[in-house]
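Working notes, beginning with the structure itself.
The first residue of the sequence shown is numbered 1, and numbering continues consecutively from there. This structure is a prediction, so every number in the text was calculated from the model and none was measured.
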Amino acid sequence: MPGGERRMGRTVAIGIQNYNQIIERDCFYVDKTSFIKEWWESMDAVTLITRPRRFGKTLTMSMVEQFFSVDYAGRSDLFEGQSIWQEEEYRNIQGSYPVISLSFANIKETSFEQTRKAICRIIQRLFNKYDFLLEGDLLNEKEKQEFQNISVEMEDNEASVSLNLLSMCLSRYYGKNVVILLDEYDTPMQEAYIAGFWDEIAEFTRSLFNSTFKTNPWLERAIMTGITRVSKESIFSDLNNLEVVTTTSNKYAEVFGFTEEEVFAAMDEFGYTAKDEVKNWYDGFTFGEIRDIYNPWSILNYLDKGKVMPYWANTSSNRLVGKLIREGKPGLKQSFELLLKGEHLFTCIDEQIVYNQLDGNEKAVWSFLVASGYLKVVSHQDYGQIPEGEKPVYELALTNREVSEMFHNIVTGWFSDADDEYNEFIQALLAGDVESMNHYMNEVTLATFSSFDVGTKPSGKTHPERFYHGFVLGLMAELRAKYMISSNRESGLGRYDVVLEPRSLADDAIILEFKVFNAKKEKALEDTLKNALQQIEDKKYEEVFLAKGIPAERIRKYGLAFEGKTVLIGE
């Protein structure tokens with residue numbers, strides 16, 4: 001087995017997110033219970049923690065719930081042997097608070113009305129769980145009626161105060177204020193952005209969060225988790241008691257994900273030795289000043305199966321990520337070319353994600369990719385290093401091999417509607433078959449052209465440019481084993497569009513020049529093609545290859561002329 005023969009050890013539980021099940025079954029577990037003490041002693045009223053998906057957020061929330069909740073009173077067995085149980089005062093806290101725990105992780109509806117109902121259904125089930133509060137004289141008749149009005153169909157004003165009401169009832173019953181845990185708070189917001197009802201969900205959740213986390217006298221502490229820090233103006237405008245912990249914060253930096261020490265200790269336990277390979281695939285995450293954080297989902301799968309492969313990248317839809325890059329402006333695609341080649345990007349980011357800016361704001365896209373774990377922060381300026389009024393510059397790179405593989409798959413997936421034709425075009429390009437290149441390229445553009453320009457301000461002008469920059473990314477993904485591909489780089493007397501430099505001396509070098517038909521200067525698409533080919537000669541684009549010792553007879557030159565969805569290719 002790669003990496004060494006696996007020894008018998010604790011069972012690796014894949015996908016179990018309930019803390020008690022992992023402990024009761026003696027499954028493999030990396031002790032993160034020190035978070036309980038660290039968080040409790042911070043004295044923060046409401047904490048928002050953002051981490052990439054599959055980084056242990058849900059398991060951590062389960063652990064916190066079962067430590068504090070009265071529902072787990074007397075369950076010291078769940079924490080004996082863990083670091084938190086070494087703290088005597090915390091032994092007395094375990095199982096002593098009413099806890100309201102809910103998750104938005106599965107709310108992935110495609111309309112506001114269905115999303116609203118899904119949230120209300122979760123709240124309704126919470127009230128069903130605590131319907132014993134209706135017994136006796138704990139609540140007066142009006143309060144009981146309010147309690148019973150909670151339903152999937154309740155009015156907005158009832159929904160917004162629902163968790164506030166439940167907090168009051170539980171606090172009165174137990175004589176203690178409540179701990180509220182909301183897991184994956186931003187899942188419905190990401191879906192709302194994709195489906196186009198962001199404004200409605202922002203207004204609904206703003207009222208709910210304000211009543212739950214700000215104007216709630218029965219709240220002891222609260223934690224929210226998610227992937228992104230949604231901008232304060234969007235949904236947190238009234239929450240001035242919110243402590244935000246993002247991937248660049250030092251707080252709780254080692255709680256989510258596995259440190260290198262934890263990973264290597266686990267590999268030793270299971271008898272695996274391929275530590276460099278595992279590091280290349282799954283390391284690369286940085287939280288605050290802590291580097292070498294490993295993806296826990298991938299590590300668990302590796303421990304279970306004993307081989308490296310893209311586990312994390314296949315766990316859920318990457319729809320939003322693919323959409324942002326595919327529909328992004330040419331400049332964004334060009335920057336992404338650098339990242340796919342292993343180079344670094346230098347840019348400003350803003351950790352407060354404004355979803356309605358993602359369509360046209362390149363910095364917002366990079367911010368989202370950092371928050372989601374797809375890009376890592378290699379270095380960044382501190383505010384003390386820059387002039388007043390400016391923002392720090394961040395050095396970004398693809399996080400690791402697993403993420404790189406994921407993006408190559410996303411890019412090739414853009415052409416899935418014309419998969420056969422796309423592959424045939426690639427083969428025709430490699431073979432130098434211009435007639436087939438023309439046929440298959442037109443089939444590809446017909447099937448995929450419009451999907452590259454469906455942002456908020458699509459236009460005929462940007463259609464070709466967005467498409468061919470996306471097509472270049474597709475070439476990079478498909479041909480990376482055979483060619484080093486560059487675009488829009490200086491060469492000779494000008495700039496070329498795309499060059500394919502062969503990794504093997506047996507293959508030809510290729511230059512591709514893209515041009516869009518200009519009705520003011522050209523009578524027909526044939527004129528556009530002629531101008532593209534002439535530009536290759538005039539600007540001496542072949543110099544980049546000649547300088548590397550590639551003879552002129554092994555340099556192929558193609559012009560690609562665009563008019564709408566029609567393409568004409570010649571040499």
Side-chain angles (χ1 to χ4, degrees), residues 1-7 12 14 28 30 51-56 247 253-254 256-316 318 321 325 335-346 366 369-380 394-412 473 476-485 503:
M1 181 171 288
E5 290 298 323
R6 174 176 170 175
R7 295 196 301 263
V12 178
I14 304 297
F28 175 81
V30 175
R51 289 291 185 270
R53 57 188 172 83
R54 296 289 190 175
F55 257 76
T247 56
E254 295 187 0
F256 302 87
F258 295 157
T259 65
E260 187 160 278
E261 182 181 5
E262 290 167 340
V263 170
F264 288 177
M267 291 181 69
D268 289 342
E269 177 182 342
F270 286 87
Y272 295 131
T273 58
K275 292 177 180 176
D276 288 343
E277 187 176 26
V278 168
K279 182 179 179 68
N280 180 41
W281 271 82
Y282 308 124
D283 184 19
F285 297 89
T286 300
F287 298 150
E289 296 177 358
I290 304 299
R291 295 186 177 274
D292 295 319
I293 298 292
Y294 286 66
N295 184 320
W297 175 258
S298 299
I299 292 300
L300 289 174
N301 275 276
Y302 173 79
L303 293 176
D304 183 53
K305 299 170 180 65
K307 59 181 179 180
V308 293
M309 58 183 293
Y311 299 108
W312 185 62
N314 296 327
T315 55
S316 66
N318 295 302
V321 178
I325 300 168
S335 296
F336 207 76
E337 287 176 32
L338 297 177
L339 293 168
L340 282 181
K341 289 164 62 178
E343 298 180 27
H344 291 191
L345 173 68
F346 294 84
W366 302 131
L369 293 176
V370 169
S372 303
Y374 301 118
L375 295 181
K376 62 182 176 183
V377 176
V378 178
S379 66
H380 66 89
Y394 286 74
E395 180 183 2
L396 307 177
L398 292 184
T399 305
N400 52 34
R401 169 78 181 275
E402 183 175 37
V403 169
S404 178
E405 292 293 325
M406 183 202 75
F407 275 118
H408 281 108
N409 290 337
I410 285 177
V411 170
T412 54
L473 288 173
M476 292 179 68
E478 194 71 33
L479 295 174
R480 66 188 189 276
K482 292 177 69 69
Y483 287 92
M484 292 177 285
I485 302 173
R503 297 183 185 275

**Q.** Which atom of Trp281 lies closest to which atom of Met309, heavy atoms considered
**A.** CZ3-C, 3.6 Å

**Q.** Any donor-acceptor N/O pair, Ser379 side chain to Glu395 backbone, under 3.5 Å
**A.** no

Q. When rounded to the nearest 0.5 angstrom, what distance separates CH2 in Trp312 from CG in Leu300?
A. 14.5 Å

(Q) Nearest 0.5 Å, please: how far is CG in Leu339 from CG in Leu396? (A) 7.5 Å

Q. Between Gly373 and Thr399, what is the shortest heavy-atom contact and its length?
A. O-OG1, 2.7 Å

(Q) For the aromatic rings, using the six-membered ring if either is Trp, is the centroid distance between Tyr302 and Tyr294 under 6.0 Å? (A) no

(Q) Run the side-chain contact (heavy atoms from CB on, under 4.5 Å) test against Asn400 and tell me which residues pass, sequence neighbours left out. (A) Phe285, Glu402, Val403

Q: Could you tell me the separation between the CZ atom of Phe270 and the CG atom of Asp304, rounded to the nearest 0.5 Å?
A: 8.5 Å

Q.
Has Thr286 got a side-chain atom pairing as donor or acceptor with Arg291's backbone, closer than 3.5 angstrom?
A. no

Q) Atom CG in Asn295, atom CZ in Arg54: separation rounded to 0.5 Å? A) 10.0 Å

Q) So do the side chains of Thr273 and Met267 get within less than 4.5 Å of each other, counting heavy atoms only? A) no

(Q) Ignoring hydrogens, what is the shortest heavy-atom contact between Ser372 and Pro52? Give both atom names and the distance. (A) O-CB, 3.3 Å

Q | Smallest separation among heavy atoms of Leu303 and Ala266, with atom names | A | CD1-CB, 3.9 Å

**Q.** Gap between atom CD1 of Ile410 and atom CD1 of Ile325 - 0.5 Å precision
**A.** 6.0 Å

Q: For Glu254 and Thr259, test the side chains for any donor-to-acceptor distance below 3.5 angstrom and give the result as yes or no.
A: no

Q.
In terms of relative ring orientation, are Tyr282 and Tyr311 parallel, tilted or perpendicular, with 30° and 60° separating the classes?
A. tilted

Q) Are any of the side-chain heavy atoms of Leu345 and Tyr394 separated by less than 4.5 Å? A) no

Q: Could you tell me whether the side chain of Arg503 and the main chain of Arg480 form a donor-acceptor pair under 3.5 Å?
A: yes

Q | Min side-chain heavy-atom separation Ser298-Phe258 under 4.5 Å | A | no

Q: Carefully, step by step, assess His408 and Leu340 under the rule side-chain contact (heavy atoms from CB on, under 4.5 Å).
A: CA-CA 8 Å; His408 281 108; Leu340 282 181; 4.0 Å; yes

Q. For the residue pair Phe336 and Trp366, does the interplanar ring angle fall in the parallel (under 30°), tilted (30 to 60°) or perpendicular (over 60°) class?
A. parallel

Q.
Nearest 0.5 Å, please: how far is CZ in Phe55 from OG1 in Thr247?
A. 10.0 Å

Q) Is the backbone N or O of Glu405 less than 3.5 Å from a side-chain atom of Asn409, with the two atoms forming a donor-acceptor pair by type? A) yes

Q | Heavy-atom closest pair, residues Ala253 and Ile290 | A | CB-CG1, 3.5 Å

Q.
Taking Lys275 first and then Asp283, would you say they form a salt bridge - that is, a charged N and a carboxylate O separated by under 4.0 Å?
A. no

Q | Close side-chain approach of Thr412 and Glu478, heavy atoms under 4.5 Å | A | yes

Q. Step by step, would you call Asn280 with Glu277 a side-chain contact (heavy atoms from CB on, under 4.5 Å)?
A. CA-CA 5 Å; Asn280 180 41; Glu277 187 176 26; 5.7 Å; no

